Visitor: 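I have a structure I would like to understand better, so I am pasting it below and will then ask my questions one at a time.
Owing to the predicted nature of the structure, the values given are computational and were not obtained by experimental measurement. Per chain, numbering begins at 1; letters A, B, ... match sequence-line order.
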Protein chains: 2
Amino acid sequence: MLTKTKFYANAIEHQYERFRCGHCKVREHCLPSWMPDSEEGRIATLIDTERKVRRGDYLYRSGDSVQDIFAVMSGYFKVSVMSEDGREQITGFYMAGEFIGYDGIGVGIRFCNAIALEDSVVCPISIDNLNTQSIRVSSLRRFVTETSGQQLARAHRMALLLGKLSAEERLAAFLLDLSQRLQARGYSSTEFHLRMTREEIGSHLGLTFETVSRIFSQFQERGLIRVQKRYIQICDLVRLKMILGRAGQNVISVSADCDSASLQVRAG
Amino acid sequence: MLTKTKFYANAIEHQYERFRCGHCKVREHCLPSWMPDSEEGRIATLIDTERKVRRGDYLYRSGDSVQDIFAVMSGYFKVSVMSEDGREQITGFYMAGEFIGYDGIGVGIRFCNAIALEDSVVCPISIDNLNTQSIRVSSLRRFVTETSGQQLARAHRMALLLGKLSAEERLAAFLLDLSQRLQARGYSSTEFHLRMTREEIGSHLGLTFETVSRIFSQFQERGLIRVQKRYIQICDLVRLKMILGRAGQNVISVSADCDSASLQVRAG
DNA sequence: CGCACAGTTGATATAGTTCAAGGGCTGTGG
DNA sequence: CCACAGCCCTTGAACTATATCAACTGTGCG
């Protein structure tokens with residue numbers, strides 16, 4: 001892929017200097033598989049200098065003006081909406097290759113907070129430039145449509161989870177979702193490290209941290225998982241899926257990335 | 001506005017033949033106030049024959065391929081996601097001037113069901129045509145961005161409501177939201193007819209219909225509202241807002257329409 | 001070392017569900 | 001026109017899932 005760029009003319013080659021996507025480890029999760037190689041460079045030209053965000057720092061906060069969407073290159077984020085009296089609903093956790101920052105896009109003002117759960121690096125993609133280029137580049141239009149559609153799908157799955165599932169089912173869905181997304185990134189689907197506290201999990205799933213803790217313990221007693229602090233091992237994937245089974249797989253997210261494999265899963 | 005069209009040349013005038021927006025009663029809620037008159041016609045050309053949907057019928061269902069988004073001209077809809085075992089989470093109720101059908105847009109396959117709660121009429125807006133025209137017409141691009149952004153905002157507010165609010169707060173939010181949307185449409189903000197059953201309200205708010213009923217009764221006893229079947233009268237708007245007050249106004253929706261007034265509210 | 005934070009676990013409380021009964025409205029068919 | 005069936009809604013009583021409060025453990029950090 002990278003060698004291919006060598007044949008381009010100067011002007012374009014210059015763009016490729018700034019083209020981090022080619023080197024990027026998460027490129028395959030971030031850019032859709034249907035995107036023609038020849039046009040991947042277009043996206044790269046939209047990317048500003050990559051930005052580092054320290055653990056605990058805000059990537060953006062509610063009320064900020066909307067400039068960019070962000071592709072997570074490395075690290076981990078939580079995104080949340082806050083009620084005026086300080087109740088925090090975490091709308092999602094985001095890992096490498098996923099997109100953050102669709103909130104507030106039409107209005108120009110953020111209504112979510114995005115906070116790094118560990119030292120992270122993001123690619124800021126200028127929305128203005130994205131819109132401008134989209135006029136000419138069909139693959140960019142498709143890219144925008146697809147990724148923003150995924151954000152909405154994710155949000156609707158959350159509504160189903162929050163409105164209809166029991167605590168057990170929510171936790172099962174949560175673990176299976178993580179498992180699936182990690183697997184898609186080449187990590188183990190059965191052993192992983194949680195990046196967030198029990199409280200944050202609870203805040204995401206509409207539960208208290210005590211309930212999260214108890215249900216983890218209960219899952220462990222039942223032999224479904226092993227828990228040691230934040231280290232999780234899924235021992236019985238089948239039975240874990242059965243807990244959710246009655247509710248249906250379509251509750252579990254499929255991440256915010258846009259490779260076609262996950263699109264098929266979601267569609268099914 | 002309509003007279004203005006008389007000055008246009010034949011080709012354009014022909015488009016205006018199909019331009020229902022000009023006659024449409026809900027035009028001002030449907031089309032954004034920033035949209036220049038000269039370009040409103042563009043949207044009209046995207047609109048197929050208006051479509052009638054009988055009470056109880058599906059506008060579309062999960063699994064359908066995505067062809068159009070729909071502006072509600074008259075009537076009332078519920079949109080829901082279903083779990084595989086039949087649990088229904090209603091993601092929203094939609095009235096005249098609001099848009100339905102952003103679900104599944106990137107993938108091409110619906111994951112929601114849209115059902116008419118009363119005999120209704122919708123404007124189907126072809127997504128293919130919308131995308132094609134958007135390439136040239138900036139106001140259409142902005143229109144798409146804004147309306148889809150609103151869908152996401154709505155979904156995130158729902159997550160906060162479902163994850164963090166008590167039953168009381170949810171019902172208060174629900175009533176205030178309805179009140180506000182009706183007011184924006186020129187109806188009374190303090191007296192209205194619910195179009196949905198208690199069960200559907202419950203399914204939207206993550207409660208059982210008994211709880212909805214009980215809380216309505218309780219609100220009535222407290223002098224906040226009067227309830228007679230589906231007829232609701234808000235007697236004490238201030239105290240009703242106070243119930244939600246601690247949680248914050250930003251929980252209550254601002255509908256899916258895109259007139260700038262509501263955009264300001266949402267931003268605040 | 002000691003303090004702050006994350007997590008576990010137990011005891012108790014409670015909001016909301018579930019089950020159950022009854023009433024009122026609406027439409028239908030005899 | 002009445003009777004009956006099928007919703008929709010209300011209300012009560014009992015139950016239960018989850019929250020709340022509280023005590024305790026381990027762990028990392030200044």
Visitor: Rounded to whole angstrom units, what separation is found between the CZ atom of A:Arg198 and the C1' atom of D:dT27?
Guide: 14 Å
Visitor: Confirm from the modelled atom types if B:Arg214 and D:dG12 form a donor-acceptor pair under 3.5 Å, side chain to base only.
Guide: yes
Visitor: Can you name the one residue among B:Ile115, B:Asp68, B:Asp103 that meets side-chain contact (heavy atoms from CB on, under 4.5 Å) with B:Tyr60?
Guide: B:Asp103
Visitor: Which of these nucleotides, D:dT10, C:dG7, D:dC8, is closest to any side-chain atom of B:Thr197?
Guide: D:dC8
Visitor: Is B:Arg54 paired with B:Asp57 through a side-chain N to carboxylate O contact shorter than 4.0 Å?
Guide: no
Visitor: Go through the N and O atoms of the side chain of A:Glu210 and the base of D:dC21, and report whether any donor-acceptor pair is under 3.5 Å.
Guide: yes
Visitor: A:Ser213 side chain: which of D:dC8, C:dG7, C:dT8 is closest?
Guide: C:dT8
Visitor: Kindly point out which of D:dC9, C:dT17, D:dA19 is positioned nearest to the side chain of B:Arg230?
Guide: D:dC9
Visitor: State, without any angle test, whether A:Gln67 and A:Ser65 hold a side-chain donor-acceptor pair at a distance under 3.5 Å.
Guide: yes
Visitor: Of the nucleotides D:dT11, C:dA6, D:dT18, which one has an atom closest to the side chain of B:Ser217?
Guide: D:dT11
Visitor: When you check the phosphate oxygens OP1 and OP2 of C:dT17, does a side-chain N or O of B:Thr208 lie under 4.0 Å from one of them?
Guide: yes
Visitor: Reckon A:Gly202 touches a base, only the sugar-phosphate, or nothing at all at heavy-atom distances under 4.0 Å?
Guide: nothing
Visitor: What is the distance, rounded to the nearest whole Å, between atom CG of B:Leu207 and atom C1' of D:dC9?
Guide: 16 Å
